[in-house]
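Have a look at the structure below before the remarks.
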2 protein chains.
Amino acid sequence: MARESKIALDRPDMRAHVLKAALLAIEEVGFARLRIRDIADRAGMSTGHVLYYFGSRDRILVSTLLMSEADLDERRRAELAHLDAHAALDRLVELYLPKGPHDVRWRLWAQVIARPPEDEETLLRLDGFFRSWAAELAAIVRRLSDLGAEAAEDFAVRHCRLMDGLSNEVLLGIPGHDAAWAKKAVLASMRRELG
Amino acid sequence: MARESKIALDRPDMRAHVLKAALLAIEEVGFARLRIRDIADRAGMSTGHVLYYFGSRDRILVSTLLMSEADLDERRRAELAHLDAHAALDRLVELYLPKGPHDVRWRLWAQVIARPPEDEETLLRLDGFFRSWAAELAAIVRRLSDLGAEAAEDFAVRHCRLMDGLSNEVLLGIPGHDAAWAKKAVLASMRRELG
DNA sequence: ACAGAGTTAGAACCGTACTCAAAGTTTGAG
DNA sequence: CTCAAACTTTGAGTACGGTTCTAACTCTGT
């Protein structure tokens, strides 16, 4: 609708306010029990109002993921900029992987994959985050090895997908497969290729 | 409860009947709109009855995944047994990856990852399927290369997780990232390592 | 035939996503 | 300053689906 885009442009601050409330709500009540009411309460408004801005529960969650991911994107850049290549690699892996089975950012990803958005624009934004992570990783790898641009890119994409797969197991809570296990596995794979 | 385990033992056929109905229902009405009613209709019973056997919607879905995965496990063994190593590798990748964004088996996985089961027994069974795929892949790889048992196992696990990650993108429906793209990416990675 | 356990159906219940109409607030033109 | 139009906000209302409950039914063993 025209309404939607107008609002998005006019009141980005309001949307951000709701999305922060959503993050807080997820942390506090957990994903399984999350109601729109929980978000509305924390944002200091009514459930109808939250729906007025976002249209549906799923849209709120997708938007929350987009914000959370954009946020991390910035933090990542800022933090990795002044680390040497080895430390940067280690830190990137740490930032990428879930902290545990209840990691909010990853729970959001899981949710969105289980009920994917229909509109292409959102899908492209999600893809953008995939690419951003891969690009950052590729840059670090080039500092660590004599790989060419193409090979580094390939390495980066493969390892991002590897981390996605490992994250699934962490999210499931498979016994023994926790965050530390995942990190170790990724770094081992990277080292074995980089020599 | 005692009730639950008793039923599971006494009436495995009834459970299987419902689960097959669930698969059918998912195919027909899609995941987003799936109601217990849709499953009950197809199984020729009431919603109350379905819940009597499974206790909750989530349990039905987890059980459906377990059955579907066990089924594929068998089919895979049977089919790969009489293929040469190259063909077997190709076919395993094809069987593992989603056929498209609506692949029922993978939608079930996505659902289960988004709302993981609590009980350890189920988690271990899920882990069992991970291991089974990896073992099968490792065996094929050993036929194709001179890798040792340990290296082949490592190769297999890494590539299973890689396929999981690629599957996420297929499920999301990221433009350009379809089933064929995923297959190509996996095989490229495998070839590059196996030489 | 009967008791009692196990099974089945479907109505009732309850919680939650979503709608809607009306009231409140801001904005900007005259 | 006034007023109307657009936008915002609310909360009650609706619809719907998961879950629970109860009462009827079936089957088995005696």
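Side chains are part of it too, since the values below use all heavy atoms of this structure and drop only hydrogens, waters and symmetry mates. So you know, we letter chains A, B, ... as the sequences are listed, proteins then strands, and number each from 1.
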CZ of A:Arg59 to CG of A:Asp119: how many Å apart, nearest 0.5 Å? 7.5 Å
Would you indicate, yes or no, if C:dG10 has its OP1 or OP2 atom less than 4.0 angstrom from a side-chain nitrogen or oxygen of B:Ser46? no
Going 5' to 3' along nucleotides 14-22 of chain D, which nucleotides have protein heavy atoms under 4.0 Å from the base (write B), which only from the sugar-phosphate (write S), and which from neither (write -)? ---SSBB--
Tell me the interatomic distance from [X], atom [atom1], to [N], atom [atom2], rounded to whole angstroms.
| X | N | atom1 | atom2 | result |
| --- | --- | --- | --- | --- |
| A:Asp38 | C:dG15 | CG | P | 14 Å |
| A:Phe54 | C:dT19 | CZ | C1' | 18 Å |
| A:Asp41 | C:dT16 | CG | C1' | 14 Å |
| A:Tyr53 | D:dT8 | OH | C1' | 6 Å |
| A:Met45 | D:dT10 | CE | P | 7 Å |

Sequence-distant partners of A:Glu193, salt bridge (Lys or Arg N to Asp or Glu O under 4.0 Å), two or more places apart: A:Arg158, B:Arg192
Filter on ring pair (Phe, Tyr, Trp, His ring centres under 6.0 Å), then keep only pairs touching residues 59-83 of chain B, sequence neighbours left out; what's left?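 For residues 59-83 of chain B, and leaving out neighbouring residues, there are no ring pair (Phe, Tyr, Trp, His ring centres under 6.0 Å) pairs at all.
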Describe, in one word, how the ring planes of A:His49 and A:Tyr52 are oriented to each other, choosing from parallel (under 30°), tilted (30 to 60°) and perpendicular (over 60°).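 Rings of A:His49 and A:Tyr52: tilted, 30 to 60°.
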Are B:Glu69 and B:Trp109 linked by a side-chain donor-acceptor pair shorter than 3.5 Å? yes
Looking just at side-chain N and O atoms, do A:Arg76 and A:Ser132 make a donor-acceptor pair shorter than 3.5 Å? yes
